[in-house]
Structures are given as structure tokens and as C-alpha cells.
Amino acid sequence: MAEIRYKLDVFEGPLDLLLHLISKHKLNINDIPISSLVDQYLEYITDISDDMEYAGEFLEMAARLIYIKTVSLLPQREEGEKLKKELEGRLIEYSAIKLCAAALSGMYTDTPYCVREPLKIDTAEPYSLRHSTAELLAAYGALGRKAKGSKINTAPFQVIVSKRFVSVTTKMVYILKNLYQTGECTLKDIFSDMTDRSERVAAFLAVLELTRNGRILLNEDNTRITFSNSEYSEDIFSDFDSDGAEESDTSETLNASEQG
Amino acid sequence: MTLTDKAAELEALLFASGDPVDPLKIADLLQIDKGAVPQLADKLNECYTDNSSSLAVIVLGGRYQLAVKKEYAAVVQAAVREKKNAPLSAPAMEALTIIAYNQPVTKSFVEHIRGVDSSGVVNSLVAKGLVEEAGRLDLPGKPIAYRTTDTFLRCFDIKSLDELPPLPTRADAASFAQDGGADEDIQDGKGGDDM
Amino acid sequence: MTLTDKAAELEALLFASGDPVDPLKIADLLQIDKGAVPQLADKLNECYTDNSSSLAVIVLGGRYQLAVKKEYAAVVQAAVREKKNAPLSAPAMEALTIIAYNQPVTKSFVEHIRGVDSSGVVNSLVAKGLVEEAGRLDLPGKPIAYRTTDTFLRCFDIKSLDELPPLPTRADAASFAQDGGADEDIQDGKGGDDM
């Protein structure tokens with residue numbers, strides 16, 4: 001696949017490939033022998049059909065060539081001739097553009113005359129030309145169907161934008177509160193009714209944080225947690241109370257679990 | 001009086017920069033000693049005076065800038081005003097229409113409707129004072145929203161946005177589509193709903 | 001050689017504008033006859049040459065712009081840290097050629113001639129400032145047309161589109177395709193599709 005891609009990357013597109021084949025096989029561009037061109041073209045792109053997206057333009061041209069060849073075989077040959085002329089015309093036109101692009105690219109300079117930004121002066125004088133509102137309507141008409149824009153609907157994005165963030169502190173309190181009641185619990189219990197990703201991440205970080213500062217202990221296979229030292233338990237909430245932003249959140253959690 | 005090579009280089013540098021340039025940077029770019037910069041600037045200024053040029057090197061907070069002498073302020077003002085008052089281009093008018101009828105809208109909304117990058121066009125409308133920022137929308141990335149200004153109302157000679165002409169109804173749009181050959185999409189009335 | 005009042009005013013005007021200015025506007029702002037503008041610009045240029053200034057008045061598409069002479073491009077580019085004009089890729093050059101010789105044209109016209117989707121290439125030319133929108137064509141779907149800019153003229157060092165090399169004749173193009181002017185490139189595979 002990579003090889004084919006490399007082979008085709010050399011060309012700007014199907015027209016470029018056709019020009020290449022025409023020059024390589026010394027075909028007459030003013031009267032292309034379609035049959036032999038089709039064969040050579042197909043031979044060239046034969047392996048690319050796996051990658052439709054990449055090769056679409058090349059395949060479309062293949063289909064076109066085959067179509068021209070087919071209609072040329074019919075008794076009524078006018079259409080075939082017409083299509084062939086059209087293709088020849090396109091190829092010659094494209095060839096002219098390539099020639100011209102080569103000439104232009106020689107004129108392109110990487111060090112042109114340098115110019116400057118306009119002077120930035122705040123005249124505090126805004127735009128003052130007068131327009132009629134009919135010009136707005138005309139511009140609207142020029143947009144065609146696209147002008148039928150609806151207002152931005154923020155609702156579908158609410159989920160993303162206002163996604164709940166669960167603080168680690170809240171979860172630390174939640175875990176400790178659990179431990180007051182049970183003395184020890186499994187990690188599974190803690191995560192069991194958490195469905196929200198943010199909540200789970202916060203709880204996980206809370207466990208790590210509590211372990212790090214020595215308030216809980218994890219057993220050997222990291223499945224159960226226990227209080228490491230009950231004497232801390234008195235101070236814990238006062239610690240968190242100083243964290244102003246989290247305060248209301250925390251107390252809500254506490255109330256909820258007290259009621260429960 | 002003619003300029004030395006280095007003075008001409010300094011002129012080129014200040015001309016293209018626009019903003020004030022630090023002497024250290026000047027010394028670095030011209031490969032001269034930092035101490036020689038003031039002298040070079042003086043030289044350039046002398047030359048401008050001698051030749052009755054409209055330009056002058058000014059020093060702002062220790063940095064150098066090329067500017068127009070005060071005597072020419074009138075002509076400069078006129079040039080800038082003229083620029084600001086350049087008539088609206090067709091793309092600008094399109095973008096203004098989209099903003100006027102859908103405000104507040106983001107640049108990407110304008111871009112979506114127009115089908116091409118419209119950032120520059122919207123910026124030019126802001127520069128002309130026809131459109132202004134209107135906070136950020138509650139969308140991913142918190143994009144800036146834009147709305148029309150009082151200047152807009154004045155320029156279009158209306159008192160409020162209510163006076164904007166009504167947009168063609170769906171039926172009108174459909175017949176427009178028929179004459180104009182525009183799209184079927186209008187029929188179902190939800191052209192560009194998606195962002 | 002010293003500047004006359006009007007020449008100095010012209011200098012101030014062009015300096016402030018930055019962009020190319022139409023001679024009609026110059027005549028209007030300086031209150032001179034339109035026919036006197038080219039002469040005045042010549043005067044200013046003469047003066048710049050005499051004084052070995054780094055500046056020059058250039059004419060782009062019939063409009064006047066103050067610029068830095070090419071000799072000083074290196075120092076200016078270092079100063080404004082403007083990326084050196086990256087060479088244009090082959091696809092970009094093809095698209096630019098098609099637009100330059102057929103303007104105003106739509107993206108689908110470019111695509112038709114090249115035989116490949118050209119939307120991205122045209123967008124990149126717009127981003128580079130070589131090409132700009134030129135309104136919509138009265139065709140189904142109201143497509144946007146594109147044309148080349150003043151920057152295009154400046155980057156190809158021509159004063160107007162008339163100075164573009166003539167398009168190859170049909171016969172030239174046909175024989176080019178036949179004797180394979182492009183052949184060598186293809187053999188060693190350095191077509192270079194990347195932009």
C-alpha cells in the first residue's frame with residue numbers, strides 16, 4: 001500500500017498521471033488512442049482500489065476512461081468522440097497551466113519589497129458611510145440557502161461545558177466518613193455506586209492522597225482500606241473547613257451521609 | 001545629505017517594524033555597537049531635516065520609532081480616516097448581515113454560514129466599529145460572541161434592530177431558490193442547523 | 001535634493017496608509033490634480049535614490065505604496081521576524097496560476113482544471129495573502145470567486161497583471177505534454193505534494 005501511495009504521490013492527480021503516460025508512451029495528445037491509454041492507466045493504478053478515500057480521484061478518472069472507451073465501441077461514435085475531445089482539451093489546458101506555473105515559480109521571490117502595517121491611530125471616528133438596509137437583504141440573498149442559519153443552540157453543549165467536577169477533597173471526606181461507620185471497607189465498596197468518571201477519578205486520587213498522608217492504610221493486595229490512626233479523626237474536618245471553596249460541597253456530603 | 005549604509009539599514013528596520021524598537025535589538029540586527037545607535041538615529045534625523053522629509057525618528061521610553069512629523073498630522077489623519085471609511089466589501093457585508101440577524105454569534109458561526117474562513121472579515125468589521133465583542137458563549141472553548149453596535153444602527157439609518165427588514169419567509173425563499181437555482185435544503189427549512 | 005511640500009505630504013500619506021493607495025485618493029487628499037500624482041511619486045523616488053534612502057515608492061496595479069528596497073529585505077526580515085516567503089508547493093503554484101490567469105474564478109473551476117480537490121490549496125493561498133475573495137458568482141449555490149492580491153504582484157515582482165508571462169499556446173502545451181517536460185521530475189520521484 002505504502003508503495004502505491006508513493007508511486008501516486010508523485011502526481012498532482014489523475015490528469016498529471018495521464019500527461020505522464022502520454023509523454024512516456026509518446027502518444028498523440030491531439031488524438032489520444034483511448035484503448036492503450038486506458039490499459040496503461042489501469043496498470044498504473046491497479047493496486048490502489050483498497051484505499052478508496054485516497055485514490056478516489058484516480059479511480060473516477062479510470063471509470064471515465066473506460067466509459068469513453070466503451071461508448072467509442074458503439075456504432076454511434078459521436079458521443080465517444082465528443083468525450084475524447086473534451087478529455088484532450090482538459091489535458092492540454094492542464095499542461096498549459098503546468099508550463100505556466102513553472103514559469104511563474106521562477107518569478108516568485110522570497111525577498112520582496114517589504115511594506116509596513118498601516119499606522120495605528122485611534123481617530124475614534126468609526127465607520128461613517130451610509131448604507132440602506134436593502135444592502136443587508138441583498139447580501140442575505142447572495143448567501144443563498146446557507147443564510148438560513150438558526151441561532152446557536154447551546155443546549156447540546158451544556159453537558160460538555162457544565163460537566164460536574166468532583167473535588168478530591170469531597171471524596172476524601174466521603175471515604176473517611178465511610179470509615180467512621182465501618183472501621184474498614186473495601187475499595188470496591190467505595191467505587192460501587194460511582195458511575196461518573198470525574199467522581200471515580202476524584203475518589204481514586206482521594207485514596208492515594210489519604211494513603212500518602214498516612215490517614216488510611218491499604219492492605220497488601222490493595223483491596224481493603226482501614227484507618228491508620230484513629231487520633232486523627234477529630235481534626236480531619238477542621239482541616240478541610242479552611243478550604244473555603246470546597247466548604248459548602250463538603251458539608252452537603254456530610255449532611256447527606258448523616259441522614260443516611 | 002545622503003545616508004550611510006548603516007543609517008539606511010536603520011531606516012529600513014524602523015520602517016518595517018512600525019512599533020518602537022529596542023536599541024539593543026537594533027545594535028544586534030545591524031551588527032553595530034549599542035553605543036552607536038543614538039548617533040545613527042541622529043544621523044537619520046539630520047538627513048530627514050535636510051531633505052525636508054515628512055519622517056522623523058522619535059524616541060519613546062528609550063526605544064526608537066519611525067514616525068511622521070507633527071506638521072503632517074492633518075494629512076495622516078485624513079489617510080487613516082479614509083482607510084477606516086473604505087466602503088464595505090461584499091464579504092464584509094455578508095458577515096455583517098449574518099451577525100445582524102443572528103447576534104450574538106461566534107466567528108465560526110459566520111464561517112459556517114459563509115462557507116469560508118471569515119476571521120479577517122469579522123476583524124475588519126470590529127476595526128470599523130460596526131461590530132463589537134459581546135462576551136463569551138457557553139460553548140466548548142468559550143468562543144467570543146459578536147454583536148452589532150450603535151454605529152451599525154447609525155450607518156444603516158435605523159433606530160433599533162427591530163427595524164431591520166424582515167428576512168424572506170420560507171415561501172419567498174423557496175421561490176427565490178427556484179429563480180436563483182439555489183438549494184432544495186430551503187424547503188425543509190433547516191439549512192445550516194449544525195455547527 | 002530636498003522634497004517639495006507636496007512630495008513630503010505624499011510621503012506622509014503613503015507612510016500612514018501602509019497599503020497601496022489609489023491615485024484618485026491621493027489627488028483628493030493632497031488637493032492636487034490626478035495627473036500630477038505619477039510625477040510627484042517620481043519626485044519622491046528620485047529623492048530617495050539621491051539620498052541613498054532605503055525606501056522606495058512602488059506601483060502595484062496602478063496604486064502607490066511605500067516600501068523598503070529589496071536590497072534591505074534581509075535586515076527587515078530579521079527585524080520583523082517575518083517568516084521568509086516559504087517557496088510555494090507545486091499544487092499551490094498550479095492553483096495560483098489558474099486563478100491569476102482566469103480571475104475571478106471559483107474553487108470548483110480550479111478543481112476542474114487540476115482534476116483534484118483544490119479547496120485546501122486555495123485556502124492556503126488566501127492565508128498567505130496571495131489570493132482573496134472577490135464576491136460571489138451568480139451561479140447555482142452562489143460560489144465565492146477568488147482573485148489575486150497586491151501581495152501577489154509584489155511577491156512576483158510585477159507592477160500589474162499585464163506583466164504576467166503569456167499563457168502557452170495550445171500547440172506549445174500539447175508538445176510539452178508529449179515530449180515530457182515534466183518527465184525527469186517524475187522519475188526520481190520528487191513531485192513534492194506537501195504544502
Side-chain angles (χ1 to χ4, degrees), chain A residues 56-57 108-167 196-199 201-202 245 249, chain B residues 12 15-18 67-68 76-77 79-81 83-85 87-88 90 93-94 96-98 100-102 104-106 109 112-115 128-130 137-140 142 145 149 151 154-158 163-165 167-168 173 176-177 180 182-186 189-193 195:
Chain A
E57 281 152 343
Y108 186 70
T109 164
D110 58 359
T111 52
Y113 285 103
C114 295
V115 293
R116 69 196 304 280
E117 294 283 302
L119 215 53
K120 291 183 201 78
I121 297 178
D122 262 326
T123 50
E125 280 180 57
Y127 189 73
S128 59
L129 293 190
R130 290 305 171 105
H131 293 273
S132 105
T133 48
E135 289 180 61
L136 289 177
L137 274 184
Y140 184 87
L143 283 164
R145 65 154 176 128
K146 289 174 183 156
K148 239 348 219 179
S150 51
K151 295 221 171 185
I152 298 175
N153 184 3
T154 55
F157 296 101
Q158 282 307 318
V159 201
I160 306 168
V161 178
S162 57
K163 196 163 180 93
R164 191 157 73 104
F165 278 94
V166 182
S167 77
D196 186 285
R197 188 191 293 172
S198 172
E199 211 179 352
V201 169
D249 218 3
Chain B
F15 176 85
S17 294
V68 177
V76 168
Q77 293 279 353
V80 174
R81 204 176 310 131
K83 250 183 122 56
K84 224 166 192 166
N85 261 336
L88 290 172
M93 191 62 91
E94 271 183 30
L96 189 56
T97 304
I98 295 167
Y101 282 97
N102 297 287
V105 292
T106 62
F109 182 84
H112 172 73
I113 296 209
R114 296 198 58 230
K128 282 180 188 295
L130 293 169
L137 287 192
D138 217 1
L139 290 172
K142 302 274 175 191
T149 61
T151 304
R154 203 162 42 238
C155 287
F156 284 87
D157 207 12
I158 49 177
E163 291 181 35
L164 282 175
L167 289 177
F176 168 79
D183 252 78
E184 330 63 60
D185 278 36
I186 288 169
K190 354 184 150 203
D193 223 337
M195 283 287 298

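As the structure is a computational prediction, the values presented were derived from the model and not from experiment. A, B, ... follow the sequence lines: proteins, then strands. Residue 1 opens every chain.
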Check your understanding: Going by heavy atoms in the side chains, are B:V105 and B:I113 under 4.5 Å from each other?
Key ->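 No, side chains not in contact.
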Practice item. Go through B:A16, B:A100, B:G18, B:P165 and name the one with the most non-hydrogen pairs under 4.5 angstrom from chain A. Key: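 The answer is B:P165.
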Point to revise | Largest heavy-atom contact set with chain A, pairs under 4.5 Å, which of B:L96, B:T97, B:I158 | key: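 Highest number of pairs under 4.5 Å: B:T97.
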Practice item. Report the residues that fulfil side-chain contact (heavy atoms from CB on, under 4.5 Å) with B:A12, sequence neighbours left out, ordered by chain and then residue number. Key: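 Checked B:A12 against side-chain contact (heavy atoms from CB on, under 4.5 Å); matches are C:S54, C:V68, C:Y72, C:V75, C:V76.
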Review point. Does B:T149 have any side-chain contact (heavy atoms from CB on, under 4.5 Å) partners at least two apart in sequence or in another chain, and if so, which?
Key: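 For B:T149 the side-chain contact (heavy atoms from CB on, under 4.5 Å) partners, ignoring immediate neighbours, are B:E132, B:T151, B:F152.
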Exercise for review: Select one option (side chain, backbone, both, neither) describing which atoms of A:L137 are under 4.5 Å from chain B's heavy atoms.
Suggested key: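 Interface part for A:L137: side chain.
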Check your understanding: Considering only heavy atoms, which portion of A:S132 lies under 4.5 Å from any heavy atom of chain B: side chain, backbone, both, or neither?
Key ->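 When you check distances to chain B, only backbone atoms of A:S132 fall under 4.5 Å.
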Practice item. Anything under 30° is parallel, anything over 60° is perpendicular, the rest tilted; go ahead and classify A:Y140 against B:Y101. Key: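 The arrangement is tilted - the two ring planes meet at 30° to 60°.
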